[in-house]
Amino acid sequence: MPEIILVVVATSVLTALCTAVFVLWFYNRKIRPQLEAQLEQAGETMQARVRQGVLDAGEELLPKFREKVTEGFTRALAEWPSSEMTRMARSGANLVGEGLNTLLGKKRE
């Protein structure tokens, strides 16, 4: 009687082991490549959708952004002290003049 129980247990373990090996082989051979292909396709689709969403949002927000930058720049120029503005304009003109002189080969006086 104990030999029969041992044979039944050994048969059950061997059957379970063979089943596990077959399922693992079948998964790696058939199911896994399909899952990976579907995952790759889903990733590409998601990337395209996100990219399009970002582009759409950028196009929608760009006019508002330009308007706010223009308003801010205009306000900053209006609030800037005129003496400081004049000094900066002269400095900018001097820099441009020196750059042109350097390019044209003229010496400083």
Glu71 CD: over 12 foreign heavy atoms closer than 6.0 Å: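 More than 12 heavy atoms, drawn from other residues, nucleotides or ligands, come within 6.0 Å of this atom.
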Sole candidate of Val8, Thr15, Leu14, Val9 that passes side chain to side chain contact (heavy atoms under 4.5 Å, CB included) when paired with Thr11: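 With Thr11 as partner, side chain to side chain contact (heavy atoms under 4.5 Å, CB included) holds for just one option, Thr15.
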Arg32 vs Leu35 side-chain heavy atoms within contact, under 4.5 Å: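 SC-SC contact between Arg32 and Leu35 ruled out.
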If you round to the nearest 0.5 Å, how far is [atom2] of [Y] from [atom1] of [X]?
X     : Y     : atom1 : atom2 : result
Tyr27 : Gln34 : OH    : CD    : 11.0 Å
Leu62 : Leu55 : CG    : CG    : 11.5 Å
Glu44 : Gln41 : CD    : CD    : 7.5 Å
Arg66 : Thr70 : CZ    : OG1   : 9.0 Å
Thr45 : Glu40 : OG1   : CD    : 10.0 Å

Single-linkage hydrophobic cluster, 4.5 Å side-chain cutoff, Leu17 and Trp25 together: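 Cluster IDs for Leu17 and Trp25 differ.
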ILVMFWY cluster, Phe26 and Leu24 together (side-chain gap under 4.5 Å):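 No, because Phe26 and Leu24 fall into different hydrophobic clusters, even though each may have its own neighbours under 4.5 Å.
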Residue pair Gln52 / Asp56, side-chain donor-acceptor N/O under 3.5 Å: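 Result is yes, a qualifying pair exists.
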